[in-house]
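Take a look at the structure set out below.
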Amino acid sequence: MPRLLHPDDFLGSAADIARALIGATLLVDGVGGVIVETEAYDRDDPASHSHAGPTPRNAAMFGAPGRAYVYRSYGIHWCLNFVCRESGHGAGVLIRAIEPTHGLDRMRERRGLENPRLLCAGPGRVGQALGIVHAFNGCRLDQPPFEVWAAAPDVPVSVGPRIGISKAVDVPWRFGLMGSRYLSRPMGLPSKPAKAF
DNA sequence: CCTGTGATCAGCT
DNA sequence: GCTGATCACAGGC
């Protein structure tokens, strides 16, 4: 039996928590599934929204751990992070992909799409499929509409560089459920095939 | 398989 | 004014 995560479960480095969240189950108003891809961001990280310090947008990252940080991406999508904290403020885990298990019909409706593989394969898609809105920014993850259930022990996790950033591009803070077909992109492939000259 | 581009806007310089 | 923790779709091979 899994256990409901508590704010104390988000005390630790963003990378540790991002890894531990692989295999956890996230539900928003009963809709969601198994988290299969995450990325870590923290204050010392040039790629992080929190790197330059607190602003109105990133305020949730500097607030209590175990809460949501929701931001607008490219003017279009809502993306969901879990706020965590080790020593300082400004750390979070981006939820990048989910294997849909709960409320498939609701997700298909919201996404206008049948293929379960594409319902939640990417942070913007997760936001749309789970009905993430800006009003959830700062909300506790252990209270409605959120529910986060701990992963089973010994989940196999793969690691690689993060996606879609231009700074700290080699930091290996992207985590994935090994072998999952619900990732936003495959893990661990070389960025370019080696030339066999 | 791959690359290119439009959508659309908040935050920052 | 430009950049972005993105996505969908078009076109070429």
Side-chain angles (χ1 to χ4, degrees), chain A residues 10 13-19 21-22 26 35-63 65 67-85 89-98 100 107-138 141 158-177 181-196:
Chain A
F10 296 89
S13 75
D16 285 347
I17 293 169
R19 187 186 296 104
L21 281 169
I22 299 299
L26 165 65
I35 296 172
V36 296
E37 183 181 339
T38 59
E39 283 177 0
Y41 291 88
D42 77 20
R43 174 86 198 246
D44 300 326
D45 168 18
S48 174
H49 291 170
S50 62
H51 185 243
T55 65
R57 172 172 73 155
N58 66 22
M61 290 186 86
F62 291 87
R67 296 185 181 238
Y69 163 49
V70 176
Y71 72 94
R72 183 94 112 151
S73 172
Y74 287 87
I76 298 175
H77 308 100
W78 294 111
C79 296
L80 173 66
N81 291 251
F82 293 172
V83 175
C84 31
R85 177 179 305 163
H89 294 68
V93 174
L94 174 66
I95 307 303
R96 283 198 56 93
I98 287 174
M107 293 196 233
R108 290 192 183 101
E109 244 175 70
R110 288 168 171 160
R111 297 267 303 117
L113 220 163
E114 292 298 315
N115 187 349
R117 203 184 69 75
L118 296 176
L119 286 179
C120 304
R125 291 161 169 169
V126 168
Q128 189 182 20
L130 272 58
I132 300 298
V133 291
H134 194 229
F136 295 164
N137 190 42
L141 297 170
S158 50
V159 183
R162 294 172 293 181
I163 291 180
I165 55 173
S166 61
K167 298 168 185 171
V169 292
D170 292 325
V171 175
W173 278 0
R174 177 179 179 231
F175 302 92
L177 178 60
R181 63 180 260 236
Y182 295 94
L183 303 176
S184 67
R185 298 169 34 174
M187 301 286 304
L189 297 183
S191 50
K192 274 187 185 171
K195 231 180 214 172

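What you see is a predicted model; the values in this text were computed from it and never measured. Here is the naming used below: chain letters follow the sequence lines, and residue numbers restart at 1 for every chain.
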(request) Identify the nucleotide, in any strand shown, that forms a Watson-Crick or G-U wobble pair with dC9(B), with both distances under 3.5 Å; if there is none, say none. (result) dG4(C)
(request) Considering just the side-chain nitrogens and oxygens of Arg57(A), establish if one lies under 4.0 Å of OP1 or OP2 belonging to dC12(B). (result) no
(message) Using a 4.0 Å heavy-atom cut-off, does Gly75(A) contact any base of the nucleic acid, only the sugar-phosphate backbone, or nothing at all?
(response) base
(request) Hey, which sits more toward the 5' end of DNA chain C by its nearest nucleotide, Gln128(A) or Gly164(A)? (result) Gly164(A)
(message) Taking the nucleotide of DNA chain C with the nearest heavy atom to each, does Leu113(A) or Asn81(A) sit closer to the 5' end?
(response) Asn81(A)
(request) Give a yes or no on whether the backbone of Gly63(A) and the side-chain of Arg85(A) come within a donor-acceptor separation of less than 3.5 Å. (result) yes
(message) Run Arg111(A) and Gln128(A) through side-chain hydrogen bond (donor to acceptor under 3.5 Å, both in side chains) and show every step you take.
(response) CA-CA 7 Å; Arg111(A) 297 267 303 117; Gln128(A) 189 182 20; 2.8 Å; yes
(request) Take atom CG of Leu80(A) and atom C1' of dT6(C), then tell me their distance rounded to the nearest Å. (result) 15 Å
(request) Please report, rounded to the nearest Å, how far the P atom of dC7(C) is from the CH2 atom of Trp78(A). (result) 15 Å
(message) Distance check needed: dA5(C) C1' versus Glu37(A) CD, whole Å only.
(response) 11 Å
(message) So, OP1 or OP2 of dT6(C): does either fall under 4.0 Å of a side-chain N or O from Arg96(A)?
(response) yes
(message) Please report the distance, rounded to the nearest Å, between NE2 in His51(A) and C1' in dT3(C).
(response) 17 Å
(message) If the cut-off is 4.0 Å, is Arg72(A) near the phosphate of dG4(C), judged by side-chain N/O to OP1 or OP2?
(response) no
(request) Give a yes or no answer on whether the side chain of Asn58(A) reaches the backbone of His49(A) with a donor-acceptor pair at less than 3.5 Å. (result) yes
(message) Please determine whether side chain to side chain contact (heavy atoms under 4.5 Å, CB included) holds for the pair Met61(A) and His89(A), giving the CA-CA distance in whole Å, both sets of side-chain angles, and the decisive distance to 0.1 Å.
(response) CA-CA 7 Å; Met61(A) 290 186 86; His89(A) 294 68; over 6 Å; no
(message) Nearest whole Å is fine: how far is dA5(C) C1' from Asp42(A) CG?
(response) 14 Å
(request) Answer yes or no as to whether dA5(C) has its base stacked against Tyr41(A), where stacking requires a ring-centre separation under 5.5 angstrom and planes under 30 degrees apart. (result) yes
(request) Using atom CD1 of Ile95(A) as one end and atom C1' of dT6(C) as the other, report the distance to the nearest whole Å. (result) 16 Å
(request) Pick base, sugar-phosphate or nothing for Arg111(A), based on heavy-atom distances below 4.0 Å to the nucleic acid. (result) sugar-phosphate
(message) Between C1' on dA7(B) and NE2 on His77(A), what's the gap in Å once rounded to a whole number?
(response) 9 Å
(request) Report yes if at least one side-chain N or O of Ser166(A) is closer than 4.0 Å to OP1 or OP2 of dT3(C); otherwise report no. (result) no
(request) Check whether any side-chain N or O of Thr55(A) sits under 4.0 Å from OP1 or OP2 of dC12(B), and answer yes or no. (result) yes
(message) Just to be sure I understand the rule, does Ile76(A) reach a base, reach only the sugar-phosphate, or reach nothing, if contact means heavy atoms closer than 4.0 Å?
(response) base
(message) Below 30° counts as parallel, above 60° as perpendicular, anything between as tilted: where do the rings of Phe82(A) and Phe10(A) land?
(response) perpendicular
(request) Using whole Å, report how far OH of Tyr74(A) lies from C1' of dC2(C). (result) 12 Å
